[in-house]
Structures are given as C-alpha cells and as structure tokens.
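Note that the structure is predicted; figures quoted are calculated from it, not measured. Numbers restart at 1 for each chain; the letters A, B, ... are given by sequence-line order, proteins then strands. The figures here come from the full heavy-atom set of this structure, side chains too, leaving out hydrogens, waters and symmetry mates.
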Amino acid sequence: MSSSAAKSTALRKRRVLPGLGLSLGYSLTVVTLLLLIPLAACFAKAATLTPSQFWAAAWSERAQAAYFVTFICSFVAAIIDTFLGLILAWVLVRYDFYGKRFIDSLIDLPFALPTAVAGLVYANLYTKNGWFGQWLVPWGIEVSFTRLGIIVVLVFVGLPFVVRTVQPLLETLDNDLEDASELLGATRWQTLSMVIFPAIQPALLTGFALTFARAIGEFGSVVFISGNKQYKTEIAPFLIVSRLEEYAYAEATAVAVVLIVISLILLLIINGLERWNRRYD
Amino acid sequence: MTEPAARGFSRSREPAWVKWLLIGAVYLIVTVLIVVPVVQVFCIAFSAGIEMFIQKALVDHDSRHAMWMTFWVTLISVTINIFFGVALAWAVARFKFPGRTLLISMVDLPFAISPVAVGLMFMLLFGRQGFFGGWLDEWGIEIVFSTPGLILATTFVTLPFIARELIPVMEAIGPDEELAAITLGASGWQMFWMITIPNIRWALLYGIILCTARAMGEFGAVSVLSGKIAGLTETMPLRIDKLFNEHDEQGAFAIAAILTLFSLITLAAKALMEHWVLASIKKPDADEL
C-alpha cells in the first residue's frame with residue numbers, strides 16, 4: 001500500500017517522512033482557531049464603525065495622550081535598555097569576574113517573573129517610604145505614579161532582550177579582526193567603533209525593536225506603578241481596559257486596532273532585521 | 001579553539017580601569033534592577049512572621065483558590081502548547097510547503113500583540129454582545145468571565161514559546177536519523193517516539209519551562225477576560241492586583257513571594273539544563289580527541 005501511495009504523485013515521492021498532513025493540519029487548525037479568528041474578530045468589529053466614528057474613538061484627546069505616554073516611555077526605556085544591554089553583554093562575554101554565571105542567569109528574571117509581581121515590587125520600592133524612594137523622594141525625584149515610574153518598570157521588563165540578541169554575536173566575533181585592526185595601527189577606540197560596533201549594530205537594533213515592541217504592549221507591570229491618571233500616566237492598553245469596563249466595546253476595539261497595527265509593523269521590521277543579521281550565514 | 005594564553009591576551013584589550021568600571025556597572029545594574037526587588041518581595045512577605053505568611057497565602061480561601069486556578073490554567077494551556085509546538089515544528093522543520101515562512105512569522109504574533117488586545121479579541125468573539133455570544137448563551141456555555149476564557153487567553157499568549165524552541169533544534173538536527181528509521185521499516189509513530197522525541201527532549205523541556213513561567217504570570221489578557229470574581233475566576237497575578245487595590249500589602253506580597261519563588265526555580269532549571277546540554281555536547285569531542 002505504501003508503495004502505491006509513493007507512486008501516486010511526484011510530490012509524495014520526495015516526501016519519505018510521514019506526518020505532514022497530520023502535523024500541518026493540526027497546527028493550522030490551532031493557528032486559525034486561536035490566532036486568526038480572534039484577530040479577524042477585532043478587525044471585523046472595527047469595521048462596523050464608520051470612518052468618522054473610528055477616528056473619534058481611536059484619536060480622541062484622551063487616546064492621543066495615552067499613545068503619547070505609551071510611545072515616549074517605551075522609546076526611552078528601549079534606549080536605556082540598549083545601553084544597559086550592551087554593557088551587560090560585553091562584560092559577560094569579554095571579562096571573567098566573580099559571580100559571572102549567576103549574573104548571566106539572573107538577567108532572564110524579567111522573562112520569568114510575572115509582570116504583576118514586578119509592578120507590585122517596583123511600586124513599593126519607589127514610594128516615599130520604599131527602599132529606593134526614601135533616598136529619591138527628598139531630592140524631588142518622584143518615581144511612583146509618574147511617567148518616570150513607567151519608564152523604570154519598562155526598563156526592567158525589557159532588560160533581557162538586548163543582552164540576549166547581542167551576546168551570541170559578540171561570542172562568535174572573530175578575534176582575528178581585532179588583531180588585524182590593532183596591528184594596522186588602529187587605536188582601541190577606532191577598533192571599537194569601526195570594527196566591533198558595525199558587526200553588532202544589527203543585533204543592537206533588533207534588541208532595541210524587541211524591547212520597544214514589548215514595552216508598547218506591556219500592561220501588568222505598568223498599572224501598579226503608574227497610577228493610571230488620564231492625560232498623565234495612562235497608557236494605551238489601560239485605556240482599552242477602562243473602555244471595556246464602560247462596555248464601550250467599539251471604542252476599545254478602535255484603540256486596540258491602532259496598537260495591533262503598530263505591533264504588526266514592528267514585527268515586520270524585527271523580522272527584516274533578523275534576516276539582515278543572518279545575511280552572512 | 002586557540003590556546004588559552006592567546007585568548008587571554010586578545011580578550012582583555014581595555015585598560016584595567018575600564019574593565020573594572022564596566023564590571024562594577026554590571027553589578028550595579030543587576031543589583032538595582034533585579035536583586036533588590038527580589039529580596040524586597042521576600043522581606044515584605046515575611047515581615048510579619050511566617051504564620052502571617054501562611055495565613056495570607058495558604059489559609060485564605062480566595063488566595064488558595066487563585067493558586068488552584070493558576071495551576072489548572074497553566075497545566076491545560078502548556079499541554080495544548082506541547083502538542084501544537086511539536087506538530088508545528090515537525091511540519092515546518094521537515095517539509096517545504098507554500099506559506100511556510102508566513103506560518104512561522106504568524107506564530108510570533110502573540111509576542112507582538114498587547115495581551116490586553118488579546119483579551120479584547122476573545123471578548124468580541126465570546127462575550128455577551130460578541131459574535132458567538134448569543135449562540136453560546138443558548139447552549140449555556142460560558143467562556144468569558146469563566147475558566148475556558150482564561151485558558152484560551154493564556155494559550156494565545158504562550159503559543160510561540162515551545163514552537164520557537166523546537167523549530168531551530170529540529171532544523172539543526174536534520175532529518176537523516178528519521179529517514180534511516182523509515183527506510184529500515186519503522187512506522188511513523190515508532191520513528192516519532194524513538195528518534196524524534198529523544199532528539200528534541202532538551203529543547204522541549206526548555207520550551208515547557210519557559211512556557212510554564214509565562215503562563216503562570218499572564219496578567220493583561222486574563223484580567224480582561226476573568227471578570228475578577230474572587231474565589232471563582234481569579235488567578236494568582238489577578239489576586240495580587242485585587243489585594244494591592246484593597247491595600248492588603250501582606251496578602252499581595254505573600255502571593256508575589258510564591259510566584260517569585262517559582263520564577264527563581266525556573267531560572268535555576270534553565271541554568272542547569274544549559275549546563276547539562278553543554279556538557280553532553282562537549283563529551284563526544286573529548287572522546288574523539
């Protein structure tokens with residue numbers, strides 16, 4: 001029976017391994033039911049609004065303020081994470097020091113720790129009586145319930161991305177290139193900026209984009225520390241939730257569609273960057 | 001690999017003060033951002049004594065229920081993800097078909113979409129005014145504000161985790177051993193259980209660990225869909241939110257401490273596995289030498 005099946009089509013002949021139908025069928029079913037239909041529902045709901053209704057909901061003054069807070073805070077947090085991540089990756093790859101492996105493992109904590117826990121702890125650390133707040137608040141640095149607080153917690157949430165994208169690249173970077181650059185008389189700074197930096201730049205960008213994308217959607221950690229004041233510290237995901245609590249589904253959907261479209265664009269950029277990273281493989 | 005002396009020379013080219021400054025910066029970053037918050041969780045959770053912690057975390061009915069809820073939701077969504085991850089990885093890493101790249105990128109969608117938007121999507125589908133709302137009502141099926149909604153949302157959010165670990169590993173291993181098994185007359189399932197699964201077991205376990213950690217901590221999507229009914233649809237992260245808003249600091253931190261403990265165990269398991277896998281890769285090399 002298997003021999004007749006093998007002969008049946010030219011395509012099958014090349015496919016000696018079994019299970020394409022089952023595995024692909026099952027995966028496609030899950031993807032369709034769980035990903036595509038819900039996503040389609042979101043756009044279908046948005047399509048029930050007239051363009052002016054959609055615009056009014058997605059671009060109200062409160063929504064504009066929420067996008068602004070979301071983007072500015074995510075952007076600043078992603079920039080900070082890029083710098084911190086570069087330092088962490090560099091030190092972890094290049095130097096030996098006490099507790100290196102322990103620190104390397106700890107870097108992943110933001111991925112493993114529930115965001116609600118992160119939000120709860122960070123909110124507590126930076127209040128007036130908190131461990132950090134008691135030093136910062138007297139200097140006039142308010143973190144809890146401000147945009148600075150949102151940035152701080154987003155820096156935590158996104159910390160591992162840049163480290164984990166840059167680290168493998170630094171590990172495989174050829175020492176010979178640096179030796180050559182040095183032998184040809186380059187200063188250390190020239191070697192860094194003209195040999196090493198161009199090599200890790202795509203990974204840095206990818207890490208930045210991943211952090212930024214994650215920060216834009218982040219909800220759990222931010223709600224605890226931001227105080228969610230309209231026009232001041234309300235982020236776009238929170239706006240969706242509060243519209244839902246008012247049973248204003250269409251308005252909530254309009255804001256969500258804006259966020260989803262931005263996330264999709266970022267995902268495309270990240271995919272492109274990753275392909276660019278691997279262009280010499 | 002070059003000999004250690006040469007590596008030592010070429011690795012530390014910066015002046016010593018730059019090196020130590022950077023290492024100091026790393027200690028500072030990790031202490032401020034990661035170590036202090038973790039220590040604080042346990043300090044506050046146990047600040048009123050261990051009896052208080054047990055009272056808040058284990059005796060309190062709603063908190064105990066939240067733990068069960070988290071346990072079941074995590075168990076079911078991770079199980080769905082194991083089947084999905086293995087099936088997708090097999091299809092994508094062993095066959096070429098049109099739309100393959102698109103399928104791989106689509107599985108990354110949950111990484112990009114805000115969890116809150118995910119919750120909203122299921123609300124639009126299964127909520128009372130949703131597309132299937134009336135139909136579900138007729139049959140008396142509750143999804144939104146009930147356990148199935150929590151499971152759906154958690155599964156959506158964690159969908160890429162296991163698949164993403166398995167695909168590159170399966171591609172790297174290649175199909176040779178499986179082809180050999182089939183050629184020697186093994187059935188499809190024999191090949192699967194005796195070749196494929198043993199080959200990917202570490203990556204699978206790794207993916208399960210990451211997936212479990214993410215599923216336990218999911219907050220945004222779940223908070224939209226649960227309705228936050230204490231003792232019914234509250235998971236542990238939602239319970240933290242509720243207690244925080246009720247200014248029950250001890251209660252919130254008691255649950256946070258349990259979740260933090262789990263994430264530390266996750267990290268330890270991850271580090272151990274990396275250690276084992278590295279060791280098992282290095283061994284054959286040593287034998288050859």
Side-chain angles (χ1 to χ4, degrees), chain A residues 15-20 23-24 26-27 30-31 34-35 38-39 41-42 45 84 87-88 90-91 94-95 97 103 105-106 108-109 112-117 120-122 124-125 131 156 159 175 178-179 188 213 217 219-220 224 237 240-241 244 249 252-253 256 259-260 263-264 266-267 271, chain B residues 10-14 19 22-23 25-26 29-30 33-34 36-37 40-41 84 87-88 90-91 94-95 105-106 108-109 112-117 120-125 129 131 155-156 159 175 178-179 182 188 213 216-217 219-220 224 237 240-241 244 252 256 259-260 263 266-267 270-271:
Chain A
R15 283 186 187 141
V16 181
L17 289 177
L20 174 65
S23 59
L24 188 61
Y26 178 70
S27 334
V30 173
V31 166
L34 213 58
L35 280 182
L39 206 57
C42 200
K45 181 76 182 176
L84 299 185
I87 294 174
L88 287 168
W90 179 267
V91 170
R94 292 286 167 131
Y95 306 139
F97 58 97
I103 287 181
S105 302
L106 271 187
D108 279 329
L109 187 82
L113 194 73
T115 51
V117 176
L120 177 76
V121 184
Y122 269 71
N124 211 289
L125 277 174
W131 289 0
F156 170 80
L159 189 68
N175 270 328
E178 279 174 71
D179 290 336
R188 183 66 187 145
F219 176 72
F224 286 89
I240 300 176
V241 172
L244 273 177
Y249 289 104
T253 310
L259 271 191
I260 290 172
S263 314
L264 293 185
L266 276 171
L267 194 65
N271 269 341
Chain B
S10 55
R11 284 236 155 179
S12 184
R13 294 167 209 247
E14 282 78 38
K19 177 180 157 185
L22 287 173
I23 293 175
V26 165
I29 295 167
V30 172
L33 285 177
I34 294 172
V36 172
Q40 154 141 49
V41 173
F84 172 73
L88 183 81
W90 179 255
R94 289 290 175 265
F95 303 98
S105 336
M106 245 163 22
D108 279 345
L109 278 178
I113 295 175
S114 174
V116 174
L120 171 86
M121 290 174 194
F122 285 108
M123 198 78 156
L124 293 174
L125 276 179
Q129 295 145 353
F131 292 103
T155 311
F156 183 111
L159 206 58
E178 282 141 357
L179 283 170
I182 294 293
M216 281 202 321
F219 181 79
V224 172
I240 292 179
D241 186 38
F244 175 76
L259 284 172
T260 309
S263 47
T266 306
L267 289 188
K270 206 169 154 269

What residue in [options] has the most heavy-atom pairs under 4.5 Å with chain B?
options                               : answer
A/Ala41, A/Ala213, A/Ala252, A/Ala256 : A/Ala41
A/Leu244, A/Leu159, A/Ile240          : A/Leu244
A/Ile87, A/Asn124, A/Asn271, A/Val91  : A/Asn124
A/Leu266, A/Leu264, A/Leu35, A/Val31  : A/Leu35

Proximal component of [X], with respect to chain B [non-hydrogen, under 4.5 Å]:
X        : answer
A/Ile260 : side chain
A/Leu267 : side chain
A/Leu120 : both
A/Leu20  : both
A/Leu39  : both
A/Asp108 : both

With chain A as the partner, which of [options] has the greatest number of non-hydrogen pairs under 4.5 Å?
options                      : value
B/Leu179, B/Val224, B/Leu124 : B/Leu124
B/Ile240, B/Leu120, B/Ile113 : B/Leu120
B/Thr155, B/Leu125, B/Thr266 : B/Leu125

Considering all heavy atoms, the nearest [X]-[Y] contact:
X        : Y        : value
B/Phe122 : A/Leu34  : CZ-O, 3.9 Å
A/Cys42  : B/Met121 : CB-CG, 4.0 Å
B/Pro37  : A/Tyr122 : CG-CE1, 3.8 Å
A/Gly217 : B/Ser114 : O-OG, 2.9 Å
A/Ser27  : B/Phe84  : O-CE1, 3.6 Å
B/Ala271 : A/Ser105 : CB-OG, 3.5 Å

Measuring only between side-chain heavy atoms, which start at C-beta, is [X] closer than 4.5 Å to [Y]?
X        : Y        : result
A/Leu259 : B/Val116 : no
A/Leu88  : B/Val30  : yes
B/Leu33  : A/Leu84  : yes
A/Tyr26  : B/Leu88  : no
A/Val30  : B/Leu159 : yes

[X] versus chain A, heavy atoms under 4.5 Å apart: side chain, backbone, both or neither?
X        : value
B/Leu22  : both
B/Ile182 : side chain
B/Phe131 : side chain
B/Phe95  : side chain
B/Val26  : both

- Item | Aromatic ring pairing B/Phe219/A/Phe219, orientation class (parallel under 30°, perpendicular over 60°, tilted between) | parallel
- Task: For residues A/Phe224 and B/Phe244, establish whether the separation of their ring centroids is below 6.0 Å.
- Result: yes
- Query: Donor-acceptor pair, A/Tyr249 side chain versus B/Gln129 backbone, under 3.5 Å?
  - Reply: no
- Query: Hey, does the side chain of A/Ser263 reach the backbone of B/Ala112 with a donor-acceptor pair shorter than 3.5 angstrom?
  - Reply: yes
- Carefully, step by step, assess B/Trp90 and A/Leu24 under the rule side-chain contact (heavy atoms from CB on, under 4.5 Å). CA-CA 8 Å; B/Trp90 179 255; A/Leu24 188 61; over 6 Å; no
